[in-house]
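From a predicted model like this one, the values you see are computed outputs, not experimental measurements.
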Amino acid sequence: MGRRRAAGWRRERVRRGHPSRSAWARARAAFIAVALLLCTTAALPARTALAAGPPSPYAFSPEARPVTGSASTTNAPRLTPGATYKSSLPSSGEIHYSLDLDATSDVYVSVTAIPTPGSTVTAGDGIKVSVEDAADGRSCSTETKRLGVSHSARPIAAWGAREVTAHLTRCNKAGIYHVIVERVRPADSTPDTWDLELFATSEPRLEQARATSAPEAWNSASPAPLTDDDVRRDGGSGFASAASIGQGVWSSDIEPGRTFFYKVPLDWGRQVYATAEMSGASSSNGYTGGALNLALYNPARGLVDDTSANYNGRRTAAELDPLPPVAYENRYAVSDRFSGMRFAGAYYLVVHLAAEVAEGYGDGPFELTLRVRVGGEEAAGPGYAGESRPGGVFEVTEGDRDAAEAAAAAGDGGGDGGDAAMTVLAVSGIGAGTVVLVVLGVWAVVARRRVGVS
């Protein structure tokens, strides 16, 4: 596979007499690339051990707190915005959680459901997430997400929200709110318990009021697909371990039944275009509907859009339809696809290859190519009056940009732990201390040279 730098989505900030941000970013990228090169041999046993068993269906956040949902609103456990939780969902009935909210913040709860690997599922299997005002029982939001045509057990997420708006009187008060999660299960699916990961976020009010209608004019044309050399980048197995990427062509190997998570930093005013491609097989042996699924989630882990492609042994692609630039006012759009593009921050591309592909074409792995283009012009943010919880979730940080640039520079490794180089260093064993010293020396030299020519 070729190696290349990430395409032109970076920005240069050069000040006379001071090192530019991009120079330091390139130095960091060089550090990670050299770390990977020096540590690969020592890390091979650990990577082999990880690959020996069956792939995990989902990697929970290491910060997830265990919580048990209540069968009724009575004694429903409290969720705190900014925190992640691990729970479970029975095959029938509702489970309840609670929120204690102020009267100014918008609050979102995303619920990721993880079906049991190998279980019998149907297109109608899924979850329903609702938020209600405990004081009067009025509904604030409801969303249902189903597995769809692929008939393949995979992680899916639905979100609920309490939004404070001037033109709606419900759900605007401070107080207790209920989060209700329910399994959607046809009679012919497996009556098993699903694991859950819950992620609660709060978005502060604005300093000044803005328009209350969604933008009507934006570039909805599909750009030409990227044809650059691809960069090796394995996806993570969950939202918390999603592999950082930016604009570019990213490749990996994927087995049937596996789900990969990637994250793309999108600032205000930027657009994302994404296509997932699956390689052809040596022979045609059957047909799998919805074999390749590509989904986009926003920084609050709310589903923006998803699409699927069928597979008959030939190279196939799943492409997201054009989406509007990131804008605060998108929340007022009627379409869920548009209203989900309401935050700046890390957007998640989730790729799943249906387990049924193995029945006709073997266990693989199959070559996966993810083409990501970032368009639009960066715009000023809406001006929040406070901090989000968790902090920085609705903004693009320097760390987000650096991680994506480092992925392109390193051209190897992937998710399940963030920076691949840091993971390799952590498992490299006795020689790690020496490697760190060598790499830090190289980093310092590269940084000085980059600064000198900036």
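A donor-acceptor contact shorter than 3.5 Å links the side chain of Arg270 to the backbone of Gly376. Between the side chain of Ser244 and the main chain of Ala403, no donor-acceptor pair closer than 3.5 Å is present. No donor-acceptor pair under 3.5 Å is formed between the side chain of Arg301 and the backbone N or O of Leu198. At least one donor-acceptor pair closer than 3.5 Å links the side chain of Ser152 to the backbone N or O of Ala355. Between the Glu367 side chain and the Ser279 main chain, no donor and acceptor come within less than 3.5 Å of each other. Panel note: side chain Arg315, backbone Glu277; no donor-acceptor pair is recorded below 3.5 Å. Between the side chain of Thr275 and the backbone N or O of Arg371 there is no donor-acceptor pair closer than 3.5 Å. Checking side-chain atoms of Asp230 against main-chain N and O of Trp250 turns up no donor-acceptor pair under 3.5 Å. At distances below 3.5 Å, not a single donor-acceptor pair connects side-chain atoms of Glu143 with backbone N or O atoms of Gly302. Of the possible donor and acceptor atoms, one in the side chain of Asn330 sits under 3.5 Å from a partner among the backbone N and O of Pro325.
Considering CG of Leu370 and CZ of Phe260, their distance stands at 11.0 Å, rounded to 0.5 Å. Rounding to the nearest 0.5 angstrom, the gap separating the OH atom in Tyr97 from the OH atom in Tyr85 is 11.0 Å. Here the CG atom belonging to Leu349 is positioned 11.0 Å from the CZ atom belonging to Phe261, to the nearest 0.5 angstrom. Atom OG1 of Thr80 and atom CZ of Arg65 lie 5.5 Å apart (nearest 0.5 Å). The CD atom of Glu197 sits 6.0 Å away from the OG1 atom of Thr84 when rounded to the nearest 0.5 Å. Atom-to-atom distance recorded for Ile156:CD1 and Leu303:CG is 9.5 Å, nearest 0.5 angstrom.
When every heavy atom of Met341 is checked against every heavy atom of Arg337, the shortest pair comes out as CG-O, 3.8 Å. Between Ala161 and Val131, the shortest heavy-atom distance links the atoms N-CG2, 3.6 Å. Scanning both residues, Ser87 and Gly69, for their nearest heavy atoms gives OG-N, 3.8 Å. Closest non-hydrogen pair, Ala317 versus Ala309, comes out as O-CB, 3.2 Å. For Ala327 against Pro215, the heavy-atom pair with the smallest separation is CB-CG, 4.4 Å. Shortest non-hydrogen contact noted between Val351 and Ile254 is O-CD1, 4.3 Å.
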Test log, rule side-chain contact (heavy atoms from CB on, under 4.5 Å), inputs Glu359 and Thr288: CA-CA 9 Å; Glu359 297 175 5; Thr288 305; over 6 Å; no
Test log, rule side-chain contact (heavy atoms from CB on, under 4.5 Å), inputs Glu163 and Tyr108: CA-CA 8 Å; Glu163 298 175 89; Tyr108 310 90; 4.2 Å; yes
Please step through side-chain contact (heavy atoms from CB on, under 4.5 Å) for the pair Asp363 and Glu255, ending with a clear verdict. CA-CA 6 Å; Asp363 295 332; Glu255 300 88 3; over 6 Å; no
Would Leu99 and Arg162 count as a side-chain contact (heavy atoms from CB on, under 4.5 Å) if you check the C-alpha gap in whole Å, the side-chain angles of each, and the deciding distance to 0.1 Å? CA-CA 10 Å; Leu99 297 162; Arg162 191 295 298 265; 5.8 Å; no
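Taking the six-membered ring for Trp and the full ring otherwise, the centers of Phe338 and Trp218 sit less than 6.0 Å from each other.
Side-chain contact check for Arg183 versus Ser189: some heavy-atom pair is nearer than 4.5 Å. A heavy-atom distance below 4.5 Å is found between the side chains of Asp306 and Lys145. The side-chain heavy atoms of Arg258 and Ser237, taken from C-beta on, include a pair separated by under 4.5 Å. Taking 4.5 Å as the limit, every side-chain heavy atom of Ser388 sits out of range of all side-chain heavy atoms of Glu203. Contact of the Arg232 side chain with the Asp253 side chain is registered, since non-hydrogen atoms from C-beta on lie closer than 4.5 Å. Contact annotation: the side chain of Tyr262 never approaches that of Val372 to less than 4.5 Å [non-hydrogen atoms, C-beta and beyond]. You'll find the side chain of Trp194 reaches within 4.5 Å of the side chain of Asp125, heavy atoms only. At a threshold of 4.5 Å between non-hydrogen side-chain atoms, the residues Ile95 and Leu89 count as touching.
Between Phe343 and Trp159, the two ring planes are perpendicular [angle over 60°; tilted spans 30° to 60°].
Every side chain to side chain contact (heavy atoms under 4.5 Å, CB included) that Thr120 has, sequence neighbours left out, goes to Thr190.
Between Tyr361 and the choices Tyr311, Tyr287, Phe366, the ring pair (Phe, Tyr, Trp, His ring centres under 6.0 Å) rule is met once, by Tyr311. Residue Tyr297 forms a ring pair (Phe, Tyr, Trp, His ring centres under 6.0 Å) with just one option from Phe199, Tyr348, Phe239, Tyr347, and that option is Phe239.
Of the N and O atoms on the side chains of Asn293 and Ser308, at least one donor lies less than 3.5 Å from an acceptor on the other residue.
Ion pairing of Arg342 with Asp106 is absent here, as no side-chain N (NZ or NE/NH1/NH2) approaches a carboxylate O to less than 4.0 Å.
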